[in-house]
Each structure stands twice: as structure tokens, then as C-alpha cells.
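First comes the structure, then the notes that go with it.
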Amino acid sequence: MMEFASALSGGEWSDHPESTDATVARLARAVNDLSSEQGRVALLPLLPWLVIQPRAGEPATRVAVTTVVVQAALGRAAGHAADRLARDAAELAGGAQVPRWWQRPLGRGPQMMMRRSLRVLRRADGRDRLLRQVLIDAVNAARALDGLPPVPGETLEPVSVGSLPIRVRTHVPSGLEPCHLHVAAPADQWPAWLMKAWAHRRAEMRPGLVEPAAALDRYQPTAVW
């Protein structure tokens, strides 16, 4: 998921693209890994909306996204897991006002809260559908912090996709500089419905978020996937 998102935003081939908020990307990777093959295909319409520029107020995004995941798991947990998630939810309610809250010791920060929640969600009935909705709700929570409306429902309809070609170029180092891949989504080869959604997303993004296509000129073509 995040590697395809890096292709949309024209960045380096990575599942940690600079164009995506770290907390949103962490959740997207987990949802991708926990979903079935069919479930992963159903996630593809969300690709354009995963390109979320990291915000200056990143702690608020961490709180908002983690809250979505914890609340989704809380209603499906039992026993000790439910008690632990209830404490997590209570801590999250005041977390945005606590300086450096996200750096608390192991077991109390948002990464551990998300792991605990995902352990519950991965065992829930209708896992694919549930995880997809959690990711959508988390993206919408992050968008709300930027004053943006929810992801348009019509762009999220399940689809059937066989493959998504990627244009790959590699930076050729002149000395000890490491080589790296730079990728882009060939608009004429990706599904029209997906590129239409991407155009919608780009129209609302801040200038400079997506690197201009002309920047690819400094890379040497090596392969097309």
C-alpha cells in the first residue's frame, strides 16, 4: 500500500514515503499486512488519500489516528484486553495536551496502543471489512485536523485490479553516494477511476507536496515494473 502511495506522489520506492504522515503510514502498513489478498485489493481506492503531508502538529495526528484504532478495538475486546484498551482510551482523551506524550515508556505510547488494538481487530469477524473501515476513519480523522472533508464515498467503491504498473528510475551515483530508486505512477496505465481520485486529491493538497514530474529528468531509466 505505502509503496504504491510513494509511486503516486513521485517519491523514492519505500513503504515509509515522506509524503505520508508516519502514524497514518504505520496503520496502513499494518492493515495491509493483516488483510487477505482480496482485502488488499479492496484497499486500493484509498491510495490517493494516504498521501497526507506530515503536519507541524504531528502529536495531534498521532492522538487522533490512535484514538480511532483504539475505539474500534474497544467494542470488540473482552476481559483484560478490554480493561487495558479502556485505560488507553482514557489516556488518549487527554494526550494531546501532555508534552512529549508520545515518548512515554514502552507500553504507554501510541505505538503500543495501536499494537494492542490491532491484536483484537485481527481476530474479529469480517476482518477485511473492519480493517478497511478503520483505515478510512483514521484518514478522515487526519484530514479533519487540516479542515478537509471526509474522503468522498464514491471514490472508495471496491474494485477489481490485476496489477498497477510502476515507472522505475534509479539515481546513478558518481562516487560513494548510495543508489536509490525513484518511482512514479504512469497515469496512462493506471485505472481511470484511480487517477481521477488522485487528481481530486492533488487539487486539495498544499503546493510542493508532490514533486514535479520534471524532477525525474535527473534519474536514469533502468526498468519498468
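Side-chain contact between Leu27 and Val139 is absent, with no heavy-atom pair separated by less than 4.5 Å. Counting heavy atoms from C-beta outward, Val31 and Met1 have side chains that stay 4.5 Å or more apart. A 4.5 Å side-chain heavy-atom check between Arg201 and Leu148 finds at least one atom pair inside the cut-off. Side-chain contact between Val63 and Pro110: absent, with no pair of heavy atoms (C-beta onward) separated by less than 4.5 Å. Counting heavy atoms from C-beta on, the side chains of Trp49 and Ile136 never come closer than 4.5 Å. Here the side chains of Leu121 and Val69 are in contact, with some heavy-atom distance below 4.5 Å. With contacts defined as side-chain heavy-atom distances shorter than 4.5 Å, the pair Arg132/Leu156 qualifies. Residues Asn140 and Pro150 meet the side-chain proximity criterion, which asks for heavy atoms closer than 4.5 Å.
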Inset, instruction - Just do the side-chain contact (heavy atoms from CB on, under 4.5 Å) check on Gln133 and Asp137 with the steps written out, would you? - result: CA-CA 6 Å; Gln133 189 59 53; Asp137 291 344; 2.8 Å; yes

Legend entry - side-chain contact (heavy atoms from CB on, under 4.5 Å) assessment of Met114 paired with Thr23: CA-CA 10 Å; Met114 189 176 291; Thr23 307; 4.0 Å; yes

Legend entry - Derivation of the side-chain contact (heavy atoms from CB on, under 4.5 Å) call for Leu135 and Leu50: CA-CA 9 Å; Leu135 183 55; Leu50 291 176; 4.2 Å; yes

Inset, instruction - Kindly indicate, with the supporting measurements, whether the criterion side-chain contact (heavy atoms from CB on, under 4.5 Å) is fulfilled by Asp128 and Leu43. - result: CA-CA 9 Å; Asp128 284 347; Leu43 294 173; over 6 Å; no

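Taking CG of Leu44 as the start and CG of Leu164 as the end, the distance is 5.5 Å to the nearest 0.5 Å. Here the CZ atom belonging to Phe4 is positioned 5.0 Å from the CD1 atom belonging to Ile166, to the nearest 0.5 angstrom. Here CG of Leu47 is found 10.5 Å from OG of Ser9. Values are rounded to the nearest 0.5 Å.
Annotation for Arg122 and Arg127: closest pair O-CD, 3.2 Å, computed over non-hydrogen atoms.
For Ser6 (side chain) and Pro17 (main-chain N/O), no donor-acceptor pair under 3.5 Å exists by modelled atom type.
Ion pairing of Arg87 with Asp83 is absent here, as no side-chain N (NZ or NE/NH1/NH2) approaches a carboxylate O to less than 4.0 Å.
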